[in-house]
Amino acid sequence: MLRRTVSLLAVMVALLALAAATVVALNLRGEDALPDPPLTFDATPQQVERGRYLALAGNCAGCHTTRGGAAYAGGLGIDTPFGTVYAGNLTPDERTGIGSWSAAQFWRALHNGRSKDGRLLYPAFPYPSFTQVTRADSDALYAWLRTVPATDAPNTAHKLRFPYDTQAALAVWRMLSFTPGTFVADAARPAEWNRGAYLVNGLGHCIACHGPRNALGATEGERGLSGGSIPVERWYAPSLTSKREASVAGWEKQHVVDLLKTGTSPRASVMGPMADVVYRSTQYLSDDDLGAMATYLQQLPDSTPAPASAVAQRRDTGVMARGARVYDQRCAYCHGDAGQGQPGAYPALAGSRAVNMETPVNLIQAVRRGGFLPATAGNPRPYGMPPFGHLLDDEEIAAVLTYVRGAWGNDAAPVTLRETMRR
(Lines give C-alpha, C1' and ligand atoms only; values in the text may rest on other atoms or scores of the structure.)
Protein backbone atom coordinates (compact mmCIF):
# COMPACT_ATOMS: atom_id res chain seq x y z
CA MET A 1 0.00 0.00 0.00
CA LEU A 2 2.80 2.42 0.93
CA ARG A 3 4.68 1.60 -2.27
CA ARG A 4 1.56 2.30 -4.32
CA THR A 5 1.03 5.65 -2.57
CA VAL A 6 4.65 6.65 -3.18
CA SER A 7 4.31 5.68 -6.85
CA LEU A 8 1.17 7.78 -7.22
CA LEU A 9 2.90 10.74 -5.59
CA ALA A 10 5.85 10.34 -7.94
CA VAL A 11 3.51 10.32 -10.94
CA MET A 12 1.73 13.42 -9.66
CA VAL A 13 5.02 15.25 -9.15
CA ALA A 14 6.17 14.27 -12.63
CA LEU A 15 2.89 15.46 -14.16
CA LEU A 16 3.15 18.73 -12.24
CA ALA A 17 6.73 19.23 -13.47
CA LEU A 18 5.65 18.47 -17.04
CA ALA A 19 2.75 20.91 -16.76
CA ALA A 20 5.02 23.59 -15.37
CA ALA A 21 7.58 23.04 -18.14
CA THR A 22 4.81 23.27 -20.73
CA VAL A 23 3.54 26.50 -19.24
CA VAL A 24 7.06 27.94 -19.21
CA ALA A 25 7.52 27.00 -22.87
CA LEU A 26 4.20 28.56 -23.83
CA ASN A 27 5.05 31.69 -21.89
CA LEU A 28 8.46 32.05 -23.52
CA ARG A 29 7.62 30.95 -27.05
CA GLY A 30 7.92 33.61 -29.70
CA GLU A 31 8.23 36.62 -27.45
CA ASP A 32 11.90 36.15 -26.58
CA ALA A 33 12.88 35.04 -30.07
CA LEU A 34 12.51 38.62 -31.30
CA PRO A 35 15.79 40.45 -31.93
CA ASP A 36 16.73 43.12 -29.43
CA PRO A 37 15.63 46.55 -30.66
CA PRO A 38 18.23 49.32 -30.95
CA LEU A 39 19.26 51.16 -27.78
CA THR A 40 19.16 54.59 -29.37
CA PHE A 41 16.48 56.71 -27.77
CA ASP A 42 16.22 60.44 -28.34
CA ALA A 43 14.17 61.99 -25.54
CA THR A 44 12.93 65.55 -25.40
CA PRO A 45 13.24 67.63 -22.22
CA GLN A 46 9.47 67.55 -21.95
CA GLN A 47 9.47 63.75 -22.11
CA VAL A 48 12.12 63.53 -19.39
CA GLU A 49 10.17 65.88 -17.13
CA ARG A 50 7.03 63.86 -17.81
CA GLY A 51 8.89 60.72 -16.78
CA ARG A 52 10.08 62.34 -13.55
CA TYR A 53 6.46 63.16 -12.69
CA LEU A 54 5.25 59.66 -13.58
CA ALA A 55 7.95 58.10 -11.41
CA LEU A 56 6.49 60.07 -8.49
CA ALA A 57 2.96 59.00 -9.42
CA GLY A 58 4.06 55.36 -9.39
CA ASN A 59 6.10 55.81 -6.18
CA CYS A 60 8.97 54.04 -7.93
CA ALA A 61 11.58 55.29 -5.46
CA GLY A 62 9.56 53.83 -2.59
CA CYS A 63 10.68 50.32 -3.52
CA HIS A 64 13.77 50.96 -5.62
CA THR A 65 15.66 53.16 -3.13
CA THR A 66 17.01 51.99 0.21
CA ARG A 67 17.15 54.33 3.17
CA GLY A 68 20.30 56.40 2.74
CA GLY A 69 21.07 54.67 -0.56
CA ALA A 70 21.47 56.02 -4.08
CA ALA A 71 18.23 56.93 -5.80
CA TYR A 72 16.69 54.08 -7.80
CA ALA A 73 19.69 51.79 -7.17
CA GLY A 74 17.47 49.02 -5.76
CA GLY A 75 18.36 46.64 -2.95
CA LEU A 76 15.29 47.18 -0.80
CA GLY A 77 13.87 43.91 0.55
CA ILE A 78 10.12 43.47 0.10
CA ASP A 79 8.84 40.89 2.55
CA THR A 80 6.08 38.57 1.34
CA PRO A 81 4.47 35.44 2.81
CA PHE A 82 6.67 33.45 0.40
CA GLY A 83 9.99 35.05 1.27
CA THR A 84 11.83 38.27 0.44
CA VAL A 85 11.98 39.86 -3.01
CA TYR A 86 14.66 42.51 -3.59
CA ALA A 87 13.97 45.49 -5.82
CA GLY A 88 16.25 45.88 -8.82
CA ASN A 89 18.64 48.64 -9.86
CA LEU A 90 16.85 51.08 -12.19
CA THR A 91 19.79 53.43 -12.73
CA PRO A 92 21.45 53.57 -16.18
CA ASP A 93 24.48 51.60 -15.03
CA GLU A 94 25.48 49.32 -17.92
CA ARG A 95 26.47 46.35 -15.78
CA THR A 96 24.04 46.27 -12.86
CA GLY A 97 21.24 48.63 -13.85
CA ILE A 98 19.12 49.13 -16.96
CA GLY A 99 21.74 51.02 -18.96
CA SER A 100 21.82 48.25 -21.56
CA TRP A 101 18.03 48.00 -21.77
CA SER A 102 16.09 49.40 -24.70
CA ALA A 103 12.85 51.35 -24.35
CA ALA A 104 11.01 48.33 -25.75
CA GLN A 105 12.52 46.02 -23.14
CA PHE A 106 11.58 48.46 -20.38
CA TRP A 107 8.04 48.57 -21.76
CA ARG A 108 7.92 44.77 -21.77
CA ALA A 109 8.85 44.73 -18.06
CA LEU A 110 5.94 47.05 -17.23
CA HIS A 111 3.47 45.50 -19.62
CA ASN A 112 4.38 41.80 -19.52
CA GLY A 113 6.39 41.41 -16.33
CA ARG A 114 9.56 40.22 -18.08
CA SER A 115 13.18 41.20 -17.62
CA LYS A 116 15.51 42.10 -20.47
CA ASP A 117 16.45 38.45 -20.99
CA GLY A 118 12.84 37.27 -20.95
CA ARG A 119 13.01 36.02 -17.37
CA LEU A 120 9.67 36.25 -15.56
CA LEU A 121 9.55 38.93 -12.87
CA TYR A 122 7.97 38.49 -9.47
CA PRO A 123 4.68 40.38 -9.02
CA ALA A 124 6.06 42.17 -5.97
CA PHE A 125 6.95 44.45 -8.89
CA PRO A 126 3.29 45.31 -9.53
CA TYR A 127 3.15 44.67 -13.26
CA PRO A 128 -0.44 43.34 -12.92
CA SER A 129 -1.27 47.05 -12.45
CA PHE A 130 1.53 48.55 -14.56
CA THR A 131 0.33 46.54 -17.56
CA GLN A 132 -2.22 49.33 -18.00
CA VAL A 133 0.48 51.99 -18.39
CA THR A 134 0.56 53.39 -21.93
CA ARG A 135 3.60 52.96 -24.15
CA ALA A 136 4.03 56.74 -24.22
CA ASP A 137 4.18 56.91 -20.43
CA SER A 138 6.53 53.92 -20.33
CA ASP A 139 8.88 55.67 -22.74
CA ALA A 140 8.76 58.83 -20.63
CA LEU A 141 9.66 56.85 -17.50
CA TYR A 142 12.51 55.20 -19.39
CA ALA A 143 13.75 58.60 -20.57
CA TRP A 144 13.76 59.95 -17.01
CA LEU A 145 15.52 56.92 -15.53
CA ARG A 146 18.32 57.31 -18.09
CA THR A 147 19.04 60.74 -16.59
CA VAL A 148 19.50 59.67 -12.96
CA PRO A 149 23.08 59.06 -11.79
CA ALA A 150 24.32 55.59 -12.73
CA THR A 151 25.11 53.47 -9.69
CA ASP A 152 27.10 50.25 -9.76
CA ALA A 153 24.92 48.22 -7.39
CA PRO A 154 24.51 44.51 -8.19
CA ASN A 155 21.02 43.20 -7.66
CA THR A 156 20.47 41.17 -4.52
CA ALA A 157 19.27 37.60 -5.04
CA HIS A 158 15.73 36.96 -3.87
CA LYS A 159 15.27 34.80 -0.79
CA LEU A 160 12.17 32.75 -1.50
CA ARG A 161 11.16 29.29 -0.35
CA PHE A 162 10.89 26.43 -2.80
CA PRO A 163 9.04 26.19 -5.14
CA TYR A 164 8.31 29.93 -5.19
CA ASP A 165 11.91 30.58 -6.21
CA THR A 166 11.49 28.85 -9.58
CA GLN A 167 10.53 30.22 -12.98
CA ALA A 168 8.20 27.24 -13.39
CA ALA A 169 6.18 28.30 -10.36
CA LEU A 170 6.06 31.86 -11.67
CA ALA A 171 4.84 30.64 -15.04
CA VAL A 172 2.03 28.67 -13.41
CA TRP A 173 1.15 31.72 -11.29
CA ARG A 174 0.96 33.88 -14.40
CA MET A 175 -1.25 31.36 -16.16
CA LEU A 176 -3.67 31.49 -13.25
CA SER A 177 -3.41 35.13 -12.24
CA PHE A 178 -2.09 37.47 -14.92
CA THR A 179 -3.14 38.60 -18.37
CA PRO A 180 -1.36 41.54 -20.02
CA GLY A 181 -3.79 44.35 -20.72
CA THR A 182 -4.17 47.98 -21.62
CA PHE A 183 -6.15 50.82 -20.17
CA VAL A 184 -9.39 51.30 -22.08
CA ALA A 185 -11.22 54.55 -21.43
CA ASP A 186 -14.93 54.31 -20.66
CA ALA A 187 -16.63 56.36 -23.36
CA ALA A 188 -19.64 56.84 -21.10
CA ARG A 189 -17.53 58.58 -18.46
CA PRO A 190 -15.98 62.07 -18.54
CA ALA A 191 -12.28 62.54 -19.19
CA GLU A 192 -11.57 63.38 -15.54
CA TRP A 193 -13.02 60.08 -14.32
CA ASN A 194 -11.00 58.15 -16.90
CA ARG A 195 -7.82 59.95 -15.90
CA GLY A 196 -8.50 59.04 -12.27
CA ALA A 197 -9.14 55.41 -13.18
CA TYR A 198 -5.86 55.28 -15.11
CA LEU A 199 -3.86 56.69 -12.20
CA VAL A 200 -5.55 54.65 -9.45
CA ASN A 201 -5.55 51.32 -11.28
CA GLY A 202 -2.35 51.73 -13.29
CA LEU A 203 0.67 53.67 -12.06
CA GLY A 204 -0.86 54.22 -8.61
CA HIS A 205 -1.33 50.41 -8.24
CA CYS A 206 -3.69 51.09 -5.31
CA ILE A 207 -5.07 47.56 -5.50
CA ALA A 208 -1.67 46.21 -4.42
CA CYS A 209 -2.56 47.24 -0.87
CA HIS A 210 -6.29 47.98 -0.94
CA GLY A 211 -7.26 44.78 -2.74
CA PRO A 212 -7.78 41.33 -1.20
CA ARG A 213 -5.41 38.55 -2.22
CA ASN A 214 -5.92 34.83 -2.72
CA ALA A 215 -3.80 31.99 -1.35
CA LEU A 216 -1.27 32.46 -4.16
CA GLY A 217 -0.81 36.14 -3.33
CA ALA A 218 -2.63 37.42 -6.42
CA THR A 219 -4.94 40.40 -6.06
CA GLU A 220 -8.57 39.52 -6.64
CA GLY A 221 -9.45 42.04 -9.31
CA GLU A 222 -13.14 41.24 -9.31
CA ARG A 223 -13.36 42.44 -5.72
CA GLY A 224 -11.59 45.67 -6.57
CA LEU A 225 -10.47 48.05 -3.82
CA SER A 226 -12.48 46.32 -1.12
CA GLY A 227 -9.67 46.21 1.44
CA GLY A 228 -6.58 44.11 1.86
CA SER A 229 -4.32 42.82 4.57
CA ILE A 230 -0.61 43.67 4.48
CA PRO A 231 0.37 40.55 6.40
CA VAL A 232 4.10 40.94 6.93
CA GLU A 233 3.77 44.58 7.98
CA ARG A 234 0.58 43.71 9.90
CA TRP A 235 -1.42 46.66 8.64
CA TYR A 236 -4.82 46.61 6.96
CA ALA A 237 -5.47 48.80 3.92
CA PRO A 238 -9.17 49.59 4.44
CA SER A 239 -11.86 49.18 1.83
CA LEU A 240 -12.23 52.19 -0.46
CA THR A 241 -15.72 50.99 -1.40
CA SER A 242 -17.25 50.64 2.06
CA LYS A 243 -18.59 53.65 3.95
CA ARG A 244 -17.79 51.79 7.17
CA GLU A 245 -14.09 51.79 6.29
CA ALA A 246 -12.43 54.27 3.92
CA SER A 247 -14.91 55.13 1.18
CA VAL A 248 -14.79 58.82 0.27
CA ALA A 249 -18.20 58.83 -1.39
CA GLY A 250 -20.15 61.72 0.07
CA TRP A 251 -17.03 63.69 1.00
CA GLU A 252 -16.37 67.11 -0.40
CA LYS A 253 -14.04 66.58 -3.34
CA GLN A 254 -11.52 69.05 -1.93
CA HIS A 255 -11.25 67.01 1.25
CA VAL A 256 -10.16 63.98 -0.79
CA VAL A 257 -7.60 66.10 -2.63
CA ASP A 258 -6.34 67.51 0.68
CA LEU A 259 -5.93 64.02 2.14
CA LEU A 260 -3.82 62.86 -0.82
CA LYS A 261 -1.82 66.09 -1.02
CA THR A 262 -1.16 66.87 2.64
CA GLY A 263 -1.94 63.64 4.51
CA THR A 264 -4.77 65.23 6.46
CA SER A 265 -8.21 66.73 5.88
CA PRO A 266 -11.24 67.66 7.99
CA ARG A 267 -12.51 64.11 7.47
CA ALA A 268 -9.46 61.91 8.08
CA SER A 269 -5.69 61.61 8.25
CA VAL A 270 -3.26 58.98 6.98
CA MET A 271 -0.68 56.93 8.84
CA GLY A 272 1.21 53.69 8.46
CA PRO A 273 2.00 52.58 4.89
CA MET A 274 -0.36 55.18 3.42
CA ALA A 275 1.61 57.98 5.08
CA ASP A 276 4.65 56.80 3.11
CA VAL A 277 2.62 56.87 -0.13
CA VAL A 278 1.56 60.48 0.49
CA TYR A 279 5.09 61.46 1.55
CA ARG A 280 6.86 59.91 -1.45
CA SER A 281 4.19 60.15 -4.13
CA THR A 282 0.79 61.81 -4.04
CA GLN A 283 1.84 65.09 -2.43
CA TYR A 284 3.77 65.85 -5.63
CA LEU A 285 0.89 65.26 -8.04
CA SER A 286 -0.93 68.11 -9.71
CA ASP A 287 -4.25 69.29 -8.37
CA ASP A 288 -5.84 68.22 -11.65
CA ASP A 289 -4.59 64.65 -11.26
CA LEU A 290 -5.52 64.51 -7.58
CA GLY A 291 -8.95 65.84 -8.49
CA ALA A 292 -9.28 63.12 -11.13
CA MET A 293 -8.33 60.44 -8.59
CA ALA A 294 -10.85 61.90 -6.13
CA THR A 295 -13.59 61.83 -8.76
CA TYR A 296 -12.86 58.19 -9.57
CA LEU A 297 -12.63 57.11 -5.92
CA GLN A 298 -15.86 58.88 -5.02
CA GLN A 299 -17.73 56.97 -7.71
CA LEU A 300 -16.52 53.48 -6.86
CA PRO A 301 -19.38 50.99 -6.50
CA ASP A 302 -20.60 50.90 -2.92
CA SER A 303 -19.85 47.62 -1.14
CA THR A 304 -20.96 48.68 2.34
CA PRO A 305 -22.53 45.61 3.98
CA ALA A 306 -26.09 45.83 5.18
CA PRO A 307 -26.36 46.88 8.84
CA ALA A 308 -26.29 43.91 11.15
CA SER A 309 -28.98 43.46 13.74
CA ALA A 310 -28.21 45.70 16.69
CA VAL A 311 -26.57 43.47 19.26
CA ALA A 312 -24.67 45.12 22.07
CA GLN A 313 -21.11 43.86 22.34
CA ARG A 314 -20.48 41.89 25.51
CA ARG A 315 -17.61 43.47 27.40
CA ASP A 316 -15.81 42.34 30.50
CA THR A 317 -16.31 45.07 33.10
CA GLY A 318 -12.88 44.42 34.58
CA VAL A 319 -11.20 44.83 31.20
CA MET A 320 -13.18 48.02 30.55
CA ALA A 321 -12.14 49.45 33.92
CA ARG A 322 -8.49 48.60 33.28
CA GLY A 323 -8.69 50.10 29.80
CA ALA A 324 -10.25 53.28 31.18
CA ARG A 325 -7.32 53.69 33.57
CA VAL A 326 -4.79 53.23 30.78
CA TYR A 327 -6.69 55.67 28.60
CA ASP A 328 -6.79 58.27 31.36
CA GLN A 329 -3.05 57.93 31.96
CA ARG A 330 -1.80 57.69 28.36
CA CYS A 331 -4.41 58.96 25.92
CA ALA A 332 -6.85 61.50 27.37
CA TYR A 333 -4.42 64.43 27.32
CA CYS A 334 -4.50 64.47 23.50
CA HIS A 335 -7.69 62.65 22.55
CA GLY A 336 -9.88 64.16 25.29
CA ASP A 337 -11.76 62.71 28.24
CA ALA A 338 -14.68 61.84 25.98
CA GLY A 339 -12.65 60.87 22.90
CA GLN A 340 -13.49 64.20 21.26
CA GLY A 341 -9.94 64.94 20.09
CA GLN A 342 -8.67 68.37 19.11
CA PRO A 343 -9.54 69.65 15.61
CA GLY A 344 -6.47 70.13 13.46
CA ALA A 345 -4.25 68.26 15.89
CA TYR A 346 -5.48 65.00 17.44
CA PRO A 347 -8.23 62.91 15.85
CA ALA A 348 -11.50 62.24 17.62
CA LEU A 349 -11.98 58.63 18.69
CA ALA A 350 -15.70 58.87 19.40
CA GLY A 351 -17.56 57.79 16.27
CA SER A 352 -14.33 57.24 14.32
CA ARG A 353 -14.52 54.78 11.42
CA ALA A 354 -10.93 53.74 12.11
CA VAL A 355 -11.84 52.90 15.72
CA ASN A 356 -15.02 51.03 14.83
CA MET A 357 -13.59 49.05 11.93
CA GLU A 358 -14.11 45.31 12.19
CA THR A 359 -10.41 44.53 12.34
CA PRO A 360 -8.40 46.27 15.07
CA VAL A 361 -4.97 45.62 13.53
CA ASN A 362 -4.32 49.27 12.58
CA LEU A 363 -5.24 50.43 16.08
CA ILE A 364 -2.88 47.87 17.59
CA GLN A 365 -0.08 49.02 15.30
CA ALA A 366 -0.74 52.70 16.08
CA VAL A 367 -0.61 52.10 19.84
CA ARG A 368 2.45 49.90 19.62
CA ARG A 369 4.46 51.77 16.96
CA GLY A 370 2.92 55.22 17.04
CA GLY A 371 0.79 57.03 14.50
CA PHE A 372 2.68 59.47 12.31
CA LEU A 373 1.34 61.65 9.54
CA PRO A 374 3.68 62.46 6.65
CA ALA A 375 5.49 65.78 6.56
CA THR A 376 4.26 67.48 3.39
CA ALA A 377 4.46 70.93 1.85
CA GLY A 378 0.86 71.52 2.92
CA ASN A 379 1.41 70.15 6.44
CA PRO A 380 5.14 70.46 7.16
CA ARG A 381 4.95 69.94 10.93
CA PRO A 382 2.25 67.35 11.51
CA TYR A 383 1.13 66.22 14.92
CA GLY A 384 1.93 62.62 15.69
CA MET A 385 1.23 59.93 18.23
CA PRO A 386 4.24 58.48 20.08
CA PRO A 387 4.66 54.70 20.32
CA PHE A 388 3.55 53.00 23.51
CA GLY A 389 4.85 49.51 22.77
CA HIS A 390 7.67 49.97 25.25
CA LEU A 391 5.28 51.15 27.97
CA LEU A 392 2.23 48.93 27.58
CA ASP A 393 2.15 45.16 27.49
CA ASP A 394 -0.19 43.14 25.27
CA GLU A 395 -2.91 42.92 27.92
CA GLU A 396 -2.87 46.67 28.47
CA ILE A 397 -3.06 47.35 24.73
CA ALA A 398 -6.01 44.96 24.44
CA ALA A 399 -7.72 46.59 27.42
CA VAL A 400 -7.32 50.21 26.30
CA LEU A 401 -8.48 49.42 22.77
CA THR A 402 -11.43 47.43 24.08
CA TYR A 403 -12.34 50.48 26.15
CA VAL A 404 -11.97 52.92 23.24
CA ARG A 405 -14.04 50.66 20.95
CA GLY A 406 -16.79 50.49 23.56
CA ALA A 407 -16.93 54.04 24.94
CA TRP A 408 -18.67 57.28 23.89
CA GLY A 409 -21.15 55.52 21.62
CA ASN A 410 -18.60 53.27 19.90
CA ASP A 411 -19.73 49.66 19.71
CA ALA A 412 -16.99 47.64 18.02
CA ALA A 413 -15.91 44.21 19.15
CA PRO A 414 -13.51 43.95 22.10
CA VAL A 415 -9.83 43.43 21.29
CA THR A 416 -8.54 40.09 22.50
CA LEU A 417 -5.13 39.29 23.94
CA ARG A 418 -4.53 36.94 21.04
CA GLU A 419 -4.96 39.81 18.58
CA THR A 420 -2.32 41.89 20.34
CA MET A 421 0.22 39.11 20.83
CA ARG A 422 3.56 40.03 19.28
CA ARG A 423 4.69 37.83 16.42
Side-chain angles (χ1 to χ4, degrees), residues 81 209-210 212-213 226-240 242-247 268-275 304-305 307-341 346-373 383-423:
C209 288
H210 289 278
R213 293 179 181 269
S226 59
S229 175
I230 310 176
V232 177
E233 295 188 36
R234 299 199 69 195
W235 286 90
Y236 171 70
S239 169
L240 300 178
S242 172
K243 294 176 182 177
R244 294 186 187 176
E245 296 195 7
S247 169
S269 298
V270 301
M271 62 179 180
M274 189 62 196
T304 308
S309 301
V311 178
Q313 297 288 344
R314 304 179 69 177
R315 306 178 196 283
D316 184 286
T317 56
V319 171
M320 288 292 286
R322 185 180 187 186
R325 289 193 298 272
V326 174
Y327 182 86
D328 183 63
Q329 295 167 0
R330 305 292 185 185
C331 316
Y333 181 81
C334 293
H335 292 287
D337 293 335
Q340 74 275 16
Y346 308 114
L349 303 180
S352 165
R353 290 194 302 184
V355 168
N356 286 284
M357 203 178 298
E358 181 178 353
T359 174
V361 296
N362 292 349
L363 297 177
I364 294 169
Q365 291 291 66
V367 171
R368 180 168 288 150
R369 297 184 180 182
F372 302 100
L373 279 66
Y383 289 87
M385 173 178 162
F388 289 92
H390 61 300
L391 298 173
L392 303 177
D393 61 26
D394 291 336
E395 289 186 355
E396 289 172 317
I397 293 174
V400 71
L401 290 179
T402 293
Y403 171 75
V404 167
R405 284 161 64 88
W408 322 304
N410 295 336
D411 193 28
V415 176
T416 66
L417 179 59
R418 182 178 180 181
E419 288 172 312
T420 63
M421 293 287 285
R422 302 173 193 272
R423 297 180 182 176

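A quick note: this is a predicted structure, and the numbers were derived from the prediction, not measured. Atoms considered below: every heavy atom in the structure, side chains included; atoms not considered: hydrogens, waters and symmetry mates.
- Interatomic distance, CE of M357 versus OG of S239, reported as 9.0 Å (0.5 Å rounding).
- Other residues, nucleotides and ligands place more than 12 heavy atoms under 6.0 Å from the CD atom of Q340.
- Counting heavy atoms from C-beta on, the side chains of F372 and P387 come closer than 4.5 Å.
- One distance of note links CG of L391 with CZ of R330; it measures 5.0 Å at 0.5 Å rounding.
- The only member of I364, V361, N362 that meets side-chain contact (heavy atoms from CB on, under 4.5 Å) when paired with W235 is N362.
- Atom SG in C331 sits 13.0 Å away from atom OH in Y346 (nearest 0.5 Å).
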Less than 3.5 Å apart, which donor and acceptor atoms pair up between the side chains of residues 320-328 and the rest of the protein, not counting sequence neighbours?
from, atom 1, to, atom 2, distance (Å)
R322, NH1, E395, OE1, 3.2
Y327, OH, G336, O, 2.6

**OP:** Verify side-chain contact (heavy atoms from CB on, under 4.5 Å) between D394 and R368, making sure each step is shown before the conclusion.
**Re:** CA-CA 9 Å; D394 291 336; R368 180 168 288 150; 2.8 Å; yes

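- Interatomic distance, CG of N410 versus OG1 of T402, reported as 12.0 Å (0.5 Å rounding).
- Under the side-chain contact (heavy atoms from CB on, under 4.5 Å) criterion, A412 pairs with N356, R405, not counting sequence neighbours.
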Subject >> V415 and L363: CA distance, side-chain angles, deciding distance, side-chain contact (heavy atoms from CB on, under 4.5 Å) verdict >> reply: CA-CA 10 Å; V415 176; L363 297 177; 5.9 Å; no

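- In this structure, OH on Y236 lies 3.5 Å from CD on E245, to the nearest 0.5 angstrom.
- Side-chain contact between V319 and P414: absent, with no pair of heavy atoms (C-beta onward) separated by less than 4.5 Å.
- Under the 3.5 Å distance criterion, the side-chain polar atoms of H210 are left unmatched by any main-chain donor or acceptor of G228.
- Under a 3.5 Å cut-off, the side chain of R353 and the backbone N or O of S247 do form a donor-acceptor pair.
- Side chains of P305 and S242 form a contact here, defined as non-hydrogen atoms less than 4.5 Å apart.
- Between the CD atom of E233 and the SG atom of C209 there is a distance of 7.5 Å, given to the nearest 0.5 Å.
- Counting only distance, with no hydrogens or angles, the side chain of R244 and the backbone of T304 share no donor-acceptor pair below 3.5 Å.
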